[in-house]
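Notes follow the structure.
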Number of protein chains: 2
Amino acid sequence: MDKRPTSRDVARAAGVSQSTVSIVLAGKAEGRVKPETRQAVHEAARRLGYRPNLAARNLRLGRTRTVLLVVPTLTGPVFGPIYAGAAEVAAARGFGLIVHPWPDDAGPARSQVDTQAIEGVLASSIVGGVTDFGDLPVVLMDSDPAAPAPTINFDVAGGMRAIAGHLAALGHRRIGHLAAAVDAWTFRVRGEALADAFPGALVRRTTAIDVAAARQAALDLLDRPDRPSALVCDDDVIAAGAYKAARALGLDIPGDLSVTGFDDVLLATALEPELTTVRLPAEQLGAAAMTALLEVLDDHRPSGVSLPGELIARRSTAPPAGS
Amino acid sequence: MDKRPTSRDVARAAGVSQSTVSIVLAGKAEGRVKPETRQAVHEAARRLGYRPNLAARNLRLGRTRTVLLVVPTLTGPVFGPIYAGAAEVAAARGFGLIVHPWPDDAGPARSQVDTQAIEGVLASSIVGGVTDFGDLPVVLMDSDPAAPAPTINFDVAGGMRAIAGHLAALGHRRIGHLAAAVDAWTFRVRGEALADAFPGALVRRTTAIDVAAARQAALDLLDRPDRPSALVCDDDVIAAGAYKAARALGLDIPGDLSVTGFDDVLLATALEPELTTVRLPAEQLGAAAMTALLEVLDDHRPSGVSLPGELIARRSTAPPAGS
DNA sequence: AGGCTTCCGTCATACGTATCACCGATCGGT
DNA sequence: ACCGATCGGTGATACGTATGACGGAAGCCT
C-alpha cells in the first residue's frame, strides 16, 4: 500500500502550482486557466492516477456532501428500491449516500452521525422512535407525520381504500382485518380507511410480523360461526399466515375466503393462489425523500408527500360463496 | 446549524492545551496527565458536547478505520445477518462499517473507494466479477475460491451432501436437481456434491432465480413418465416454483414428491407444507470475513474458511410413494 | 547542594485541499 | 507613451487533529 499521489505531485508533474491543479480539477478554470495548461493538468492527474483525498477536502470545506440512509434492518424488500431512488437523486446533486442499519440499540451509527461525517439523515420505517440524530436535518419515510420532521409516506390509507373497494365490488359485506403489530399511528390509519367501507370489520392485531403469529391471529378470526368472507392483511407476510390458517380449517382460497396482502413482496407470487395485494412505489419514495432532504439542506421547508400505491388483483380474491 | 466545538474549545474551557485534550480523549493519558486534569477535560468535553471531527482525524492519521461492505443489492435475506456479524467484529477492533449496494454498473461506489475513505472491502456474492477495487485489500464472501483474494464461503457442498443424505435415508433413488442460474463455480460444486449420492440425477438450470422461471424448469423435470421422486432446489425461491409446478400437475408434496430448498429464508416456513432446507450461518460468515479482512490489514495472510450449514428437516420431504 | 529522574503538560507542526489575495505580463484605448 | 483592464496563474493560509520534541517543577539519591 504505497502512498497515493497528492495534488502537489500532480502539480509538479504538470509544471504548475498546486492551486492551479485544484482549480482545474474542480472545473473552475473557465477563463482563469489557459486550455493547454488545463490539458496538461488533466493529463498528469490521469497518468499518476490521482484521486483527491476525501478527508482533506471535507476538512477544508467543512462539509461532506454525504447523506446517511438509516434502515431498521438490511433485510427488507423495500429498502433496495428506496436506496436506488434516493441514490439517483443524490448523485445528480453531487451527494453521496451511505446506508446504515440501525438496530434498536442505536449504538453503532452514532460514530458516523456524531462526527459530522454526514450532513443529513434519511430515516426509513423508524417505528421505535429513535429519531435523535442530534441537530442534523432529518427526513422520515414511512413514519408518523406528526413527528417533528418532514415525512414522506406511502399512501397507506389510499391503498387500504383500494382494497376495500375491490372487496366491496366483489360483493363482500363482512370482512376481517389482520392488523400488523406496528406503531399506533399506522394501526389507526389503516383501521380508519377500512372502516369507511366496512364499518363492522372484525379486527385482530398480530403479536409480531411473522407467519406463525399471523396464523394464530387468523385462526381466531376464522374459527367462528359468523366468520368473515374476506380477510384483509396489513402485510404479505401476514397473509401467508392467513393462508396457513385457512388450510388448517379446510377453507379454500378464494372459494371460501378471499385474502389480501400489502406490499407485493416476492412472497405474494410464491403463494398459491397468488396474492391480491398493493404494490408500493418504493423507489419514488426514496427519491422524494432525498429531494426533500436536499431542500432542507438548502434551508427550504419541504412539503410532506404521500405516494399512492397500486392495487394488484390476483387469484386470492373472488366473490363470496353466497353470491 | 451552528459550529460544533473543536478540541481547542474544549481546551480553553478546561484550562489546558489542545494537545492535552487530544491525549486525554484518546485514552493515552496514563501516567502523563494528572487524574484531576483528565477529569476536567472530560467534563468540559461533555459539557460542550464535543465530538471529534472525523475528517480532520482521518487526514492527520492517514487512515479511516472504516471498511466497506459491498452487497449486490440491499434486498436479500442474508445481508442483514452478514452485516451484523461483520459489524460486531469491526466494532470490537475500533473499525466502522459502511454498507454500499453495488449494482452491475459499479458506478456509485467508486467515489468512496477511490478517495481512500475506506481501508478495505468486504464483498458479498459478487458474481458479476466486479472485483476491481483498486489496490484495496478485499475479502470475498460467497464467491469462487479461485478468485485472487481470500474467500470466506458457506460450505455449499456440505449442505448439498446433507440434503442428499437426508433424501437417500428416506429411500429416494431417483432425484431431480433444479439448479440456480448463478455462476459456473457454484453450479459445478453443487452438482458434484449431489452426484456423489445420486449419480444419475436429472438437472435443469433455471433461467433466473425467480418463481416463474423455476416453475417452468420444474415442469420440465416432472412432466414425464420417469419423473424423479424428489426435487433438490438450489434455493428456497426455486423451491417455491417447484411447489407451483407440482400443484399444476396434481402432485402432492410430500406424498408424491419430496422437495428441498436452500437458505432457509422466510419463504421456507410460509410455504405449505413447510420446506426442508439448509440454514446458513450468515452472521458467522460476516464475522469470519471481517476477521479475515482485519488480518489482511495487519499484513497477515488469512486462510480461506468454509462454514457448514444446518439441515432443517420440515414437512416437504418424506419417503417416496413406492416404499 | 547538585545532578538525575519522573511527572505533567505545552509548542509546533504536518496531513491535503480549496480559496482569497496578489501579481507580472500583455493589450487596447486615447 | 502611459494608464487601466484583462489574462493566467502563484503564494499563503486555514480547516481540526495527533504526536514528536521539548521543558519547567518537584522529588530522590549520593
Side-chain angles (χ1 to χ4, degrees), chain A residues 1-42 44-45 48-66 94 111 114-117 119, chain B residues 1-42 44-45 48-66 94 111 114-117 119:
Chain A
M1 208 147 69
D2 41 345
K3 292 182 95 63
R4 288 170 94 90
T6 74
S7 62
R8 224 172 300 261
D9 296 327
V10 175
R12 227 183 329 261
V16 298
S17 75
Q18 181 266 331
S19 331
T20 305
V21 172
S22 180
I23 291 168
V24 169
L25 295 184
K28 299 183 176 173
E30 206 59 46
R32 328 205 94 264
V33 179
K34 220 180 341 184
E36 57 198 77
T37 309
R38 263 185 261 180
Q39 198 53 40
V41 169
H42 280 120
L48 297 181
Y50 169 73
R51 304 289 169 205
N53 182 307
L54 196 56
R57 169 178 290 170
N58 289 344
L59 175 58
R60 167 71 225 228
L61 293 179
R63 58 179 311 186
T64 58
R65 298 187 81 81
T66 297
S111 59
D114 288 345
T115 48
Q116 318 134 60
E119 294 188 36
Chain B
M1 210 149 65
D2 41 347
K3 291 181 98 58
R4 288 168 96 90
T6 74
S7 60
R8 225 173 299 264
D9 296 327
V10 175
R12 231 184 324 265
V16 297
S17 75
Q18 181 265 330
S19 336
T20 305
V21 171
S22 180
I23 291 167
V24 169
L25 296 183
K28 299 184 177 173
E30 207 58 44
R32 328 205 93 266
V33 179
K34 212 173 0 178
E36 58 197 78
T37 308
R38 263 185 261 181
Q39 197 54 40
V41 169
H42 280 121
L48 298 180
Y50 169 73
R51 303 289 168 207
N53 182 309
L54 197 55
R57 168 177 291 169
N58 289 345
L59 175 58
R60 169 69 226 230
L61 295 180
R63 56 180 312 187
T64 58
R65 299 189 79 83
T66 298
S111 58
D114 287 345
T115 49
Q116 320 133 58
E119 295 187 34

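Sequence lines set the chain letters: A, B, ... in the order given, protein chains first and strands last, and positions in each chain run from 1.
In the set C:dT17, D:dT10, C:dG9, C:dT17 carries the atom at the smallest distance from any side-chain atom of A:A56. Here the side chain of B:L61 is nearest to one of D:dT19, C:dG9, C:dT17, namely D:dT19.
One interatomic measurement links the two molecules: CD of B:Q18 to P of C:dA12, which rounds to 13 Å at whole-angstrom precision. The NZ-P distance, from A:K34 to C:dT26, rounds to 11 Å in whole Å. Rounded to whole Å, the distance from CG on B:N53 to P on D:dG16 is 7 Å.
Across all strands shown, B:L59 has heavy atoms under 4.0 Å from base atoms, whether or not it also approaches the sugar-phosphate. A:T20 comes within 4.0 angstrom of a base, heavy atoms only.
Close to C:dA18, at under 4.0 Å from its OP1 or OP2, lies a side-chain N or O of A:R57. Within the 4.0 Å cut-off from OP1 or OP2 of C:dG9, at least one side-chain nitrogen or oxygen of B:T37 is found. Taking side-chain N and O atoms only, B:S17 has a distance below 4.0 Å to OP1 or OP2 of C:dT10. An OP1 or OP2 oxygen of D:dT17 is reached within less than 4.0 angstrom by no side-chain nitrogen or oxygen of B:S22.
A donor-acceptor pair shorter than 3.5 Å can be found between the side chains of A:T20 and A:S17.
Of the two residues contacting DNA chain D, namely A:R8 and A:P35, the nearest-nucleotide position lying further toward the 5' end is that of A:P35.
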